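Below is one structure; the comments refer to it alone.
First the proteins, then the strands, lettered A, B, ... as listed; each starts at 1. Note that the coordinates shown come from a computational prediction; the quantities given were computed from them, not determined experimentally.
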Amino acid sequence: MKIPLIYNVRSILQRPVSTASTALSIGLVVAVFVAMLALAAGFRAALATTGSRDNVIVLRQGANDELSSGVPREAARIISSFPHVAAGDDGLPLVSPEVYVLLNPDRKTGGIGNVVARGVSERAFLVRKGIRVVAGRKFTSGASEVIIGRRIAERFVNMDIGDSLEFGGRKWAVVGHFEADGSGFESEVWGENEQFMPVFRGQVYQSVIFRLAPGATLDEAKRALESDPRIQVSVREEQDFYTSQSGILSATLRIMAVFISVIMSVGAIFGAVNTMYAAVASRSSEIAVLLTLGFKPRSVLATFLAEAAVIALIGGVLGCLFALPINGLATSTTNWQSFSEVAFAFRVTPVLLVYGVAFALVMGVIGGFFPALRAARMPVVSALR
Amino acid sequence: MTRGRLVWANLMRHRWRTILTTLSVAVAMFLFATLRSFGTTLDSLSQFGSANRMVVRHATAIVFPLQMSYTQRLATVEGVTGVSWANWFGGWYQDPKVFFANFAVDGPSFTALYPEILIPEEQKQEWLRDRAGAVVGVDLMEKYGWRVGQNVVLNGTIFPGEWQFTIRATYTSRTRAFDERSFMFHYAYLDERTEHRAQPGWFYLAIANGDDAPRIAATVDEMFRNSNAPTKTMTEQAFQASWMGMFGNVRTLMNAIGMAVVFAILLVTGNAMMMSARERTGEVAVLKAIGFGNRTVGAIELAEAGVVALTGTLLGVGGATLLWKNIRVAAIEQFIPGFQVAGNTIWIGAGIALLLTLVSGLVPAVRASRMNVVAALRTVE
């Protein structure tokens, strides 16, 4: 027969201080665990939503990133003439040849960052979906003007509208801020490719992005472009490309989350062990009565495990509550894979909260096991005496 | 003596509880010391670098090249006593995903500028003689099991193709601004094999007087302001610090987690201490009845907490200090070379141990010293 759970809840309420401190320490471990996973999730989300599944990115053959790539003007023209490229409403191909460089602007907090400057044409706003200017206006063709991703504008000096940035031997007026659905583009500075080209690396683009024509597949486009002897390029799906750039850092963050939480949990588990041993010791006559009444040792074991789990559950919920406020908090780091600054927000997702509570339960059950075993094996006669 | 024995007897009453409490304090303090070390190591890295050396890079970003002709003009700036140049090579060995620093330097001027980089004299001469020779840090040599005289092929990313080098020398570094995991070869070799001649990525300047640095920076930057490649000049220390800024909020994050760890352990230890004190209510009453003073029984409780907190902290912080001093984890070294526990972390750890003693021991101590003997003896069965 089972011992009802209400028995455990009442027992817990008998020792509020001890229960609260154990639950709180489990809660802190869960909070750190969820927070670190939220950091990894936020970083990954920023890069995984960068780019689109409908777009194709063309780089120089063998180039693994945009920085080390180069696509000559002539090659860009050839690429836009392929039948795999979709046409816009105006009948012209949806192609965006882009210049990609890194700037080292000063941070507001001191030090410098590596910020991507992307030279694009008017077509980029059609090829890439979800780019919206949220303050000011777009840059004008032919002018020394730039627009800046909302996420980095607040982190670096001279990035407010009306300021001017100095790079490439020229001054660039900041005329607008833009959003891009939380993607990595929000960490970039955009200007006109024809303006960026002469001041940076000469008559060469770094990448060409195009929308895949309806009916055409990535494989077909890849085969056609990569086998064309006039151009030496490698072709990838745009979103895949950006996601692959997040691999190392998000893996590192997840490993760190697990490493730190596991070490922290040693203390919390011990807290649970201690609380439960005390619970078992102070209720030895109660346990003896239960056993005498005919409850199986198995039921006694189960009830004390349940009690530990209830304490852990309170801790798990507390931990999730602690971690929730960091959802949406913006932070930034250097993505060492692309060597550029990525600003992103912590993402506390429902799945992470479930992980957090599950982790708490695991800690509770591990901590409660030996005390529960002692309760179940308690010699009835001596305990009653 | 008797009091010490009493504290010991109390600790040994629930041997496992004492061991577990001590271990969880140790684990928490280990984590605290390790997490704090990310910040302190970054700080110390950004403070290294000589006040008598400066770095000149492109004003826009370090990825843009400067021009070789700058060498002579830099040398004419008043206060500059030496000029050297270098370029990032960015090659990989065997696996393109494994990164180590490799760059081209001008051998004679570089070795003159960096007396802290120690190369055995004989090897140095060998290296300077061999155009395709390389000098490699001892850490990197060990990592790949290379030996002097061996041929090594790097695959270029910025300068495509396979590049063959012969390792002619190894170096150790006496400055933390320079790790022992770099691969350096002759700029002339890069220049020779590059189609349009190589361009330097940055210049090193030696200056006679560190106080002149701001003036020299202003002079140099003004000199090239209207050229194709305008410059940004800074002290070596500022150059180091600017890299460390790229870690963004890592330090804040690590410290926040460290605080959470410390707080969690305060709760756990405090709980354990109060629990064992409550069990001993009767004993304390007996001690008082046979003549132990209020202060003494309080001190015994406090001492018990102190032993646990101090032992745990010693194990945790000491363990972290020893571990990170002797073990180099490649995954950490790659980002933060010279990762180790700073001296002030040890003192902060001692402070936390004291706090831990007070928080977990004070309530039982006060309770014990104020305890009414008659009431206490009566409540215990």
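Between chain A and the residues B/L267, B/V25, B/V27, B/L35, the largest count of heavy-atom pairs under 4.5 Å involves B/L267. Each of A/S21, A/G271, A/P105 has some count of heavy-atom pairs under 4.5 Å with chain B, and the biggest count is that of A/S21.
No side-chain heavy atom of A/V101 sits less than 4.5 Å from a side-chain heavy atom of A/F167.
What you find for B/F32 and B/G258 is that their closest heavy atoms are CD1-O, 4.1 Å.
Of the atoms belonging to A/F346, it is side-chain heavy atoms, and not backbone ones, that fall under 4.5 Å from chain B. For chain A, the nearby parts of B/T21 are the backbone and the side chain; heavy atoms of each come within less than 4.5 Å. In this structure, chain B has heavy atoms under 4.5 Å from both the backbone and the side chain of A/I260. Within the 4.5 angstrom heavy-atom criterion, no atom of B/A59 approaches chain A. B/A28 does not touch chain A: none of its heavy atoms, backbone or side chain, sits under 4.5 Å away. Residue B/L31 touches chain A through its side chain alone, counting heavy-atom pairs closer than 4.5 Å.
In this structure a side-chain-to-backbone donor-acceptor pair under 3.5 Å is present from A/S265 to A/V262. In this structure, A/N104 contributes its side chain and A/L102 its backbone to no donor-acceptor pair below 3.5 Å.
Between A/F196 and A/Y100, the distance from one ring center to the other does not fall under 6.0 angstrom. Taking the centre of each ring, B/W163 and B/F89 come in below the 6.0 Å mark.
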